[in-house]
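Here's the structure we're looking at; comments come further down.
Proteins get letters first, then strands, A, B, ... in listed order; numbering begins at 1 in each.
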Amino acid sequence: MKNIIEIKNLHKIYAGGTHALKGIDLNVKEGEFCILLGLSGSGKTTLLRCLNRLIEPTSGDIQIDGEDVIAAKGQKLRFIRRKIGMIFQQFNLIKNLSSLTNVLTGKLGYSSLLHSLAFSKNKTDVEIALENLQRVGLKDLAEKKIKNLSGGQQQRVAIARALMQNPKVILADEPVASLDPATANSVMKYLGELNKKDKITIICSLHFLSLARKYGTRVVGLKDGEIVFDGTPKEIDKKRFKEIYGEDAEEVEIR
Amino acid sequence: MKKANKLKFNFQAILTDLLIWIYISGCISFLLNRWFELAIPSLYILIYGAVVSVIVMICGISIGRKVFLPTKRTNNKWYKTFWGWTVVLILLITFIVGWILVEVNPYKFFTKFKNAGGIMSGIFDPNLDLLVVSLTALAETIYLALLATIFAIPFAFLLSFFAARNLMPKTLIGNTVYIIIRSFATVFRSIEAIVWAIIFSVWVGIGPFAGMLALMIHSIAALIKLYSEQIENIDPGPVEAIKATGANTLQIWVFGVVPQIISPFLAFTIYRWDINVRMATIVGFVGGGGIGLLLLQQQQLLRWHNVGMIIWLIAAVVWIMDMVSAKVREKLQGM
Ligand SMILES: Nc1ncnc2c1ncn2[C@@H]1O[C@H](COP(=O)(O)OP(=O)(O)OP(=O)(O)O)[C@@H](O)[C@H]1O
Ligand SMILES: [Mg+2]
């Protein structure tokens, strides 16, 4: 399998002086489900957001699907972004619009402003959006406003929105951190399915090792902005776990 | 404390003391002038103020020091300190000077009530024959306020995006645009609608059109402020999510920002219309047409029963607008 993401010597220093990423080197192969583990503040969010330039990296090199992310500007950057779906911990949907409209916004990168203003009238787009809602089991809630949905349902709408982009890669930043364990598992299941069936490469930061073992094909451990572990989920034993999370950490299980 | 900071605080302390004591010496000479007809040249007022402030500064007992420079924590009650008494002096002297300048006269208030007899009897016995004429003028006022609001919306709406800190890039151009629009809005808002009405009544002639233009300008400025503050308060999450789909800036604004602000915008706009109806009455007084102009004419003719009629109508409209706009805004909150 070829590399779909190639990160070389990536640094991020925030305006305040925090050195959040200290020379990250990471290649992700097509079809991988790569889990990012690491303590709070280790740089997971920073890394994920550098990949689609929601944060400007300080230095380094990022290639996604053969395209130079760092050098891209304007339309070029937007065309790269539309190949990369993003899932957020806080769902980041527009609360007073319907699920369907929120899913349709996933198509924005593919249309002009005028076209997109009329997109709720566009038969094919609406059909695709409904299909995507169907895939996450929410077709019946298409007309419901987001603020009337539960957290788990909202995250599934967000997944449908990402699917709308026809993404090669999905970046998920703690997608289940604000959900209860059962709901978390069901949301992860949909991500797992996209990975297996649609061959979408996924990079997902998580706080729970059990979910990482269940869905990940690879685990990358971050600590203070550096990669301290890179291997399969099975390889994480007590010793490795302490390397990532520090000496005092104990593993808690959720299923 | 850094050196530069210390210098700055010292400077602020000295300036504050200087202003305070020049103010006090100014007030005292005003009182001396009123009561004993002593004329004190303004140069002396400045010098007295400066001298006193230098003295208190050197003694280390000044307000400026207290406010801007670190002082040793003492457990003295305020009335045992010099700055405490300075504050008392300022408040007292301000109150006395204010009383004289405003010509406060409780005696007149309690004994000259019968002067208002005409207007009072007018209010309790309004001239109903004027109803049709007043209603016409009132309609003029309401429509004037409505059009002023409607015309203001597109300008304020568009400009407010460029006056929102979180939407403008932190580049030279972005900052410049932001600052220009913000200052434009602040300056235009601080000029009262009544002043605009005077300007426009000369420009386009006395009448409702002048009043509408005045309210429109004022509304644009006021709405820019309200709208852009609303934009600055939106949840940045959805905006980022839309950005991450590869949307361009306009699409981000239309799909990420607008849906979040539409109902507060409506609420503010209706509130603005409510305010405009009230202001339209006042603006009429200086040539803005409508019910205000009619009220002015009738008052100058001393037709108190007509004035009474108009006052009742204005009160009714303001009351109804207030209720309606509160109800609508309440509904919008839940959306
Ligand atoms: N916008 C910012 N400005 C300045 N420093 C930041 C900013 N965002 C994050 N940081 C700092 O960068 C470091 C990495 O933060 P990051 O959010 O990437 O960690 P994380 O692994 O995602 O943590 P969490 O698990 O809590 O989400 C932290 O020290 C954080 O304080
Ligand atoms: Mg994070």
Side-chain angles (χ1 to χ4, degrees), chain A residues 15 48-49 51-55 72 74-98 101-117 119-120 145-147 154 157-158 161-167 169-171 173, chain B residues 2 153-154 157-158 160-162 164-175 227 230-270 328-335:
Chain A
L48 286 171
R49 288 168 158 256
L51 293 184
N52 61 358
R53 295 257 308 273
L54 283 184
I55 292 180
Q75 193 182 46
K76 188 87 199 291
L77 176 59
R78 285 191 276 114
F79 282 179
I80 295 177
R81 276 182 181 151
R82 70 184 190 189
K83 287 198 285 191
I84 309 172
M86 193 157 201
I87 314 276
F88 303 81
Q89 180 182 345
Q90 299 305 331
F91 324 134
N92 287 355
L93 300 161
I94 299 148
K95 303 228 169 20
N96 49 359
L97 294 183
S98 68
T101 314
N102 268 286
V103 174
L104 281 165
T105 59
K107 259 279 185 292
L108 286 176
Y110 292 89
S111 54
S112 68
L113 178 67
L114 276 180
H115 181 81
S116 52
L117 278 176
F119 68 8
S120 55
K145 281 195 181 167
I146 292 300
K147 65 173 170 208
Q154 290 191 31
V157 174
R161 173 176 66 187
L163 269 181
M164 203 66 193
Q165 289 173 240
N166 240 330
V169 177
I170 287 182
L171 309 173
D173 190 5
Chain B
K2 279 199 221 117
I153 292 171
F157 185 81
L158 280 180
S160 64
F161 283 78
F162 296 92
R165 186 82 283 186
N166 53 342
L167 294 190
M168 283 294 96
K170 298 193 175 33
T171 57
L172 186 65
I173 299 177
N175 282 331
Y227 285 177
Q230 200 57 46
I231 295 178
E232 287 176 352
N233 280 330
I234 60 171
D235 177 2
V239 180
E240 278 199 318
I242 303 264
K243 190 175 177 184
T245 66
N248 62 35
T249 306
L250 266 179
Q251 289 174 323
I252 295 172
W253 287 6
V254 171
F255 291 95
V257 180
V258 172
Q260 291 196 59
I261 53 176
I262 210 77
S263 74
F265 269 35
L266 277 175
F268 282 138
T269 311
I270 287 164
V328 175
R329 275 181 286 143
E330 197 179 298
K331 277 264 142 44
L332 284 171
Q333 290 252 299
M335 267 172 60

| request: Go through the atoms of Leu97(A) and report whether side chain, backbone, both or neither lie under 4.5 Å from a heavy atom of chain B. | output: side chain

| query | Hey, which of Asn92(A), Leu171(A), Leu54(A), Leu93(A) has the most heavy atom pairs under 4.5 Å with chain B? | reply | Asn92(A)

| Within a strict 4.5 Å, meaning less than it, do heavy atoms of the Ser160(B) and Gln230(B) side chains meet? | no

| message | Under 4.5 Å from any heavy atom of chain B, what part of Gln90(A) do you find: side chain, backbone, both or neither? | response | neither

| field | Heavy-atom proximity to chain A below 4.5 Å, by part of Ile242(B) | value | side chain

| Looking only at heavy atoms, which two atoms of Thr101(A) and Ser98(A) are closest? And how far apart? | OG1-OG, 2.8 Å

| When heavy-atom pairs shorter than 4.5 Å are enumerated against chain B, which of Ile94(A), Asn52(A), Ile87(A) gives the highest number? | Ile94(A)

| said: For Met164(A) versus Leu104(A), what's the shortest heavy-atom pair and its separation? | reply: CE-CD2, 4.0 Å

| message | Considering only residues two or more places apart or on different chains, which pairs with a residue in residues 77-87 of chain A satisfy side-chain hydrogen bond (donor to acceptor under 3.5 Å, both in side chains)? | response | Asp65(A)-Lys83(A), Glu67(A)-Lys83(A)

| side-chain hydrogen bond (donor to acceptor under 3.5 Å, both in side chains) partners of residues 237-247 of chain B, not counting sequence neighbours, each pair once | Arg49(A)-Glu240(B)

